[in-house]
*Asks:* 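Quick one: this structure, given as structure tokens, is what I'll be asking you about.
Computed from a predicted model, the values in this text were never measured in an experiment.
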Amino acid sequence: MKKQWLFSGLLLSFLLFLSGCEPLTVFDPMGPQAALLKDVIWISIWTMLFVVVVVFVILIYILVKYRSTKTPSDYRPPIVKGNIWVEITTIGIPVLIIVFLSFVSVQSTYEAESVPKQFKDEEPMVIYAASSNWKWHFSYPEEDIETVNYLFLPTDRPVEFRLYSFDAISSFWIPQLAGQKYAMTGMITTLNLAATEEGEMQGRNANFSGEGFAEQTFNVSAVSQKEFDEWVKEVKNTAEPLDEKTFNKLLEPGHLGQKTFSSTHLDFSPPPEEHGEMSEEEMKKEMEQEMEQEQSDH
């Protein structure tokens with residue numbers, strides 16, 4: 001009786017625990033890249049479920065067939081040196097499963113990294129997404145506006161995010177639009193996606209980057225092209241421009257609400273890829289300085 005009550009209590013606790021979980025937004029895609037990743041997740045789940053079911057069926061069969069019986073005390077089981085078909089099965093099936101999942105993984109990774117198929121011939125909208133402790137700065141170079149902790153995206157148009165960080169490594173992730181991608185200092189990483197449905201979503205930093213990373217989230221609004229153009233026009237007419245002093249204050253560690261500016265930080269604080277290459281004279285000067293530094297160290 002006590003065992004039944006214990007089992008019932010554990011089951012009830014487990015159900016209550018699951019009821020408090022947030023909905024899995026990765027299973028509610030609003031763009032082609034997220035839909036692709038959803039399919040890959042389901043393929044992996046069904047493959048693993050197949051393996052688990054087969055293993056348990058074989059286990060139950062062996063436990064029943066070879067269970068202990070009333071055999072004579074002098075009974076000795078026959079000596080079996082091996083079975084070629086059993087060996088082929090136990091080695092071949094896992095190899096086939098690994099090959100299958102590897103093929104799916106590689107193919108989907110290349111597809112997820114590229115521009116969505118239906119938008120191959122369209123010019124993507126570029127957005128620079130820069131992280132700082134613990135905020136997201138979004139710069140729209142074409143529109144010359146910048147937002148903090150929120151995004152406006154037009155639907156049915158490819159978007160190319162160019163990611164980098166001003167301090168700790170962050171992970172840019174909008175589960176309903178694409179997989180995560182790291183934002184690092186000193187380099188640019190790109191993420192291609194597109195929203196095919198209008199609606200509200202949430203993005204976040206999926207990589208631990210200090211005590212405030214849990215609240216490093218941002219809102220995403222996918223709207224029609226017309227509504228997006230109206231929003232851009234409104235920002236240009238109402239928001240203040242972003243200057244270097246204000247931007248440096250924004251970079252200080254801490255949390256902020258949503259902010260909007262009618263210019264970007266790209267002019268006075270360009271992203272890593274736009275620093276430009278050093279001239280031959282600058283490279284020669286830098287090498288001389290390094291040699292002088294080495295000599296002084298010795």
*Asks:* Would a line drawn from the ring center of Phe218 to the ring center of His137 be shorter than 6.0 Å?
*Replies:* no
*Asks:* With under 30° as parallel and over 60° as perpendicular, where do the rings of Phe228 and Tyr140 fit, or are they tilted in between?
*Replies:* tilted
*Asks:* Answer with yes or no whether the hydrophobic clustering places Ile88 together with Leu96; edges join I, L, V, M, F, W, Y residues whose side-chain heavy atoms lie under 4.5 Å apart.
*Replies:* no
*Asks:* Return yes if a side-chain donor-acceptor contact under 3.5 Å exists between Ser139 and Thr264, otherwise no.
*Replies:*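 No - no donor-acceptor pair under 3.5 Å links their side chains.
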*Asks:* Using the rule that two of Ile, Leu, Val, Met, Phe, Trp, Tyr join whenever any of their side-chain heavy atoms come within less than 4.5 Å, decide whether Leu49 and Val57 are in one cluster.
*Replies:*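 Yes, it is one cluster - the side chains of Leu49 and Val57 are joined through contacts under 4.5 Å.
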*Asks:* For the residue pair Tyr128 and Phe138, is the inter-centroid distance of their aromatic rings smaller than 6.0 Å?
*Replies:* no
*Asks:* Just by distance, with hydrogens left out, do Asp28 and Gln176 show a side-chain donor and acceptor under 3.5 Å apart?
*Replies:* yes
*Asks:* Going by heavy atoms in the side chains, are Thr25 and Gln202 under 4.5 Å from each other?
*Replies:* no
*Asks:* Between Lys181 and Glu113 (salt bridge meaning N to carboxylate O under 4.0 Å), is one present in this structure?
*Replies:*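 Salt bridge flag = yes for Glu113 with Lys181.
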*Asks:* Assess whether side chain to side chain donor-acceptor pair (under 3.5 Å) is satisfied between Ser221 and Glu200, documenting all intermediate values.
*Replies:* CA-CA 5 Å; Ser221 299; Glu200 300 292 326; 2.9 Å; yes
*Asks:* Can you spot which of Thr260, Asn219, Thr217 makes a side-chain hydrogen bond (donor to acceptor under 3.5 Å, both in side chains) with Tyr150?
*Replies:* Thr260
*Asks:* What about the rings of Trp136 and Phe213, do their centers lie closer together than 6.0 Å?
*Replies:* no
*Asks:* Check this for me: does any side-chain nitrogen of one of Glu122 and Lys120 sit under 4.0 Å from a carboxylate oxygen of the other?
*Replies:* no
*Asks:* Should the pair Arg157-Glu142 be classified as a salt bridge under the 4.0 Å nitrogen-to-oxygen rule?
*Replies:* yes
